Amino acid sequence: MRSDYSKFLIKIMYNPQKTEKKWHKIWKAKKVYESKDFSTKPKKYVLVEFPYPSGAGLHTGHLRSYVASDVVSRYSRAKGFEVMYPFGWDAFGLPAENYALKMGVQPQVSTAKNIRNFKKQVNALGISFDWSREVNTTDPKYYKWTQWLFLQFYKAGLAYEAESMINWCPKDKTGLANEEVIDGKCDRCGTPVEKKMLRQWYLKITEYAQQLIDGLKDLDWPEPVKVQQANWIGRSEGAEIEFKITSEVGEGKATVFTTRPDTLYGATYLVLAPEHVLLEKLKPAIQNWTEVQKYIKKASNKTDLQRSALEKEKSGAELKGVYAINPATKKKVSVWIADYVLNTYGTGAIMAVPAHDQRDKQFAEKYELPIKQVIRDEIMINSGELNDLSTLQAKKKIIAKYGKLKIQYKLRDWVFSRQRYWGEPIPLIHCDKCGIVPVPEDQLPVILPKVKKYEPTGTGESPLAAIDSWVNVKCPKCSGAAKRETNTMPQWAGSSWYFLRYTDPKNTKRFADPENLKYWMPIDVYFGGMEHTTLHLLYSRFWNLFLYDQGLVPVKEPYTSRQPHGIILGPDGEKMSKSRGNVASPDQLVKQYGADTTRMFQMFLGPHEQTVSWNEEGIVGVHRFLQKTWAWVSENAALVKKGKTQDSSKAETLINKLIKKVTEDIEGVKFNTAISSFMEFINEVAAEKISKQSLQKFVIILAPFAPHLSEELWSLLGGKASVTLEAWPEYDQSKTVSATVQFVVQVNGKFRGNIEAPKSASQKDLEASAKALEAVTKAIGMASGEIKKIIFVPGRLINFVA
RNA sequence: GCCUGGGUGGUGGAAUUGGUAUACACGAGGGACUUAAAAUCCCUUGCUCGUAAGGGCUUGCGGGUUCGAUUCCCGCCCCAGGCACCA
């Protein structure tokens, strides 16, 4: 029998808008979400990526990880942890500056406004952030320490200046890191990236390539994320082999990198990258220099995108008059330049083995170069002393005799300067006499000057270079005339260490007190997007590793576990973007249905880590559930008040089952099924008698998902203060299953009926009654007619094989 | 091309170590209440043959193992994300 909610609902419809505001005030006044340093409780550091406060405000992508991390935070508090769940603003960078330019205001102004709006939206959702630890990367009190940390890199020799070809976005008019180039295009605006020779600051992330790979091993991260990051770092083991270069004019040498030293006997020509430094030296020996020069020029004009265009035909030019000696065969081979060899990887030179490499083969076929097979069925042939060896043995032998072992990484050093206004000034001073001089610590922060005009110049110079009064300073060392570094840091700077600042956000003496760091680090669970795997997640691990080596942080790895959320697609199944016009904002939903419904619907969409399409049609289902919940609890709260009530045995099973399921699902980040279980519970418990204790338990476990409604229900049940402060209920395992179960009866593995019996029933107990089922006798008759075998699974099924 | 995920009703998605496939929710259809609508409540809802009783089929496709396969094995196809002339 079902209880009829309809009359009841009309009387006391739950009004989320009113209730939610009320609780926001109470939470704030009672500081229920503020975390204490050095609490005696075990700590839990729950982190969600802090946002760039965009003008468009909160979107559903944010919602996904904010709500998920909020559930985990609330759950963890109830589980007895001292939970730190902080928030802040990653407000420097290109998007913020471009937005300000578009609005025709100062970035300081638009950023402050956007933050206010964002904060309002986040609070409207009832996310339990600890605002006492709020950080803002554009606050001088914060970026003082970003600059200080940069100087530690500089002093350790890990920040260096170099003039080289870098990725340049012609639209944003700034250099970009390798990680910011996606498909040959600017990560921010999608403009094809060009190459430009520029003086730039670099951070030596390559120094940590191996440690960054090694550190992944013990992390509790999803395997695909680890794999993706490891692939980006791109370790490969191989050998460097030296080739002698000869010509009529003179001799030289070229070193190649190969992962297949075993194929050395098959190396029938050599290829250099068009930018290879050796070319200048070889110039006098090259008989067709004009032709070669033409090719070099052509190659340099190509963008990365053009150069690596899919199935592009190979091209190159022979260096006539120049030869290399294959160290194994001692034979003269021709030397070429070709843009399929990259100057930035390995030594910028390869030995070409066309018989065993697809690219070399294409090239050899085009230019009619010799192709020599040296391996058949994994065994060496045509290879002199290597013949009949396995490829592995051959590799070892070649390395020992002709080369040396070499580990190569795809990772490049991090281009760390930007030619834009809205970023942390790099705290260095250029002095003609003393060279580069760090700004003394007591003069930090180097404040970003307020200026009217901050458009990018496009010349490769930062807009700051035009501010004479700011640029010209005295050298801290010799007091002579000197100039400030005018480039700013990339937007990834502030986010590379913000998680450390949260542990001690107001410290003016240090970036964070060692004791605070020791208490809170590492982060126990980190929520965020998949798109940061090879950006923020890599950069911040690098910073933390470096700081660990400097003795400044207590742990090597900052993020113990990582929970990436799936991408949210628009209702059209396309990736959400402003240009497609399919971006959803939660504001309207909060207004119409309330925060609790919006939060729960978001989680109900599908598994947290999976890509989901944002389709608002289903939201009414969650809304109905919460209304039913309201009606059910308040109806029973009234009964409870009148006198003592007991759980019916079914209700007792249901509540224990629910606590178990919800606990396990939160631990497993499976919110969608947790919510399904709540719905099932409400559907099934409606007609049952329920005790006050069970009602309270129910409200406590609902609170992480629907905190506002739960608070209201909690007071209705006579609870004091906040449901947030209540301990997570335990469940009784023995009461999570009912006494009898439905046994499945099968014939030849096919379902034929059910028998209800005690869970502990034996085969003997069931056999006769199962056999007696009409469907069973019939099915046995249709088969062989006799029972050959009986399979019995305790508590589950009985299967007759006929 | 390489590396990851993933393919289950009209839709989003469930399913313990191999044990009733399609939980939960949306949508749709029918009904109740209402002057009416909204809201709410009840029933039906994988496909298919059949008036019905009842039967057959079904987790991308094709095989295999098993009493029994969405789950394990082999071979394909398709979709999404990442990388991409990385030697």
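Every value quoted in this text rests on a predicted model; they were computed, and no experiment measured them. In what follows, chains carry the letters A, B, and so on, assigned in the order in which the sequence lines appear, proteins first and then strands, with residues in each chain numbered from 1.
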Angle class for the [X]/[Y] ring planes (parallel below 30°, perpendicular above 60°, tilted otherwise)?
| X | Y | value |
| --- | --- | --- |
| A:F743 | A:F792 | parallel |
| A:F678 | A:F705 | perpendicular |
| A:F363 | A:Y367 | tilted |

If you compare every side-chain N and O of [X] against the phosphate oxygens of [N] (OP1, OP2), does one of them come in below 4.0 Å?
| X | N | result |
| --- | --- | --- |
| A:N615 | B:U11 | no |
| A:R796 | B:G18 | no |
| A:N683 | B:A23 | no |
| A:Q610 | B:G13 | yes |
| A:K628 | B:A39 | no |
| A:R624 | B:A25 | no |

In whole Å, I'd like the distance from the [atom1] atom of [X] to the [atom2] atom of [N].
| X | N | atom1 | atom2 | result |
| --- | --- | --- | --- | --- |
| A:L270 | B:A87 | CG | P | 17 Å |
| A:R752 | B:G54 | CZ | C1' | 12 Å |
| A:H623 | B:G27 | NE2 | P | 13 Å |
| A:N672 | B:G12 | CG | P | 14 Å |

Side chain of [X] - closest among [options]:
| X | options | answer |
| --- | --- | --- |
| A:V612 | B:C26, B:C83, B:G13 | B:G13 |
| A:N799 | B:C24, B:G13, B:G19 | B:G19 |
| A:T673 | B:U20, B:A25, B:A14 | B:A14 |
| A:V620 | B:C83, B:G81, B:G27 | B:G27 |

Let's test this: given Watson-Crick or G-U wobble pairing with both distances under 3.5 Å, identify the partner of [N].
| N | result |
| --- | --- |
| B:G5 | B:C79 |
| B:A25 | B:U11 |
| B:C41 | B:G31 |
| B:A52 | none |

Remember a base hit wins even if backbone is also touched, and classify [X] as base, sugar-phosphate or nothing at under 4.0 Å, heavy atoms.
| X | value |
| --- | --- |
| A:V227 | sugar-phosphate |
| A:R412 | base |
| A:L605 | sugar-phosphate |
| A:Q746 | base |
| A:F604 | base |
| A:K788 | nothing |
| A:D360 | nothing |
| A:S236 | sugar-phosphate |

With the side chain counted from C-beta on, respond yes when A:K778 and A:V747 share a heavy-atom pair under 4.5 Å apart, and no when they do not.
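A:K778 does not reach A:V747 side chain to side chain.
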Taking the side chain as everything from C-beta on, heavy atoms only, tell me whether A:I682 gets closer than 4.5 Å to A:F625.
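They are in side-chain contact.
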Between B:U71 and B:U65, how far apart are the P atoms? Round to whole Å, please.
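Rounded to whole Å, the distance is 15 Å.
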Any donor and acceptor pair, going by atom type alone, linking the side chain of A:H356 with main-chain N or O of A:V374 inside 3.5 Å?
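Checked: pair present.
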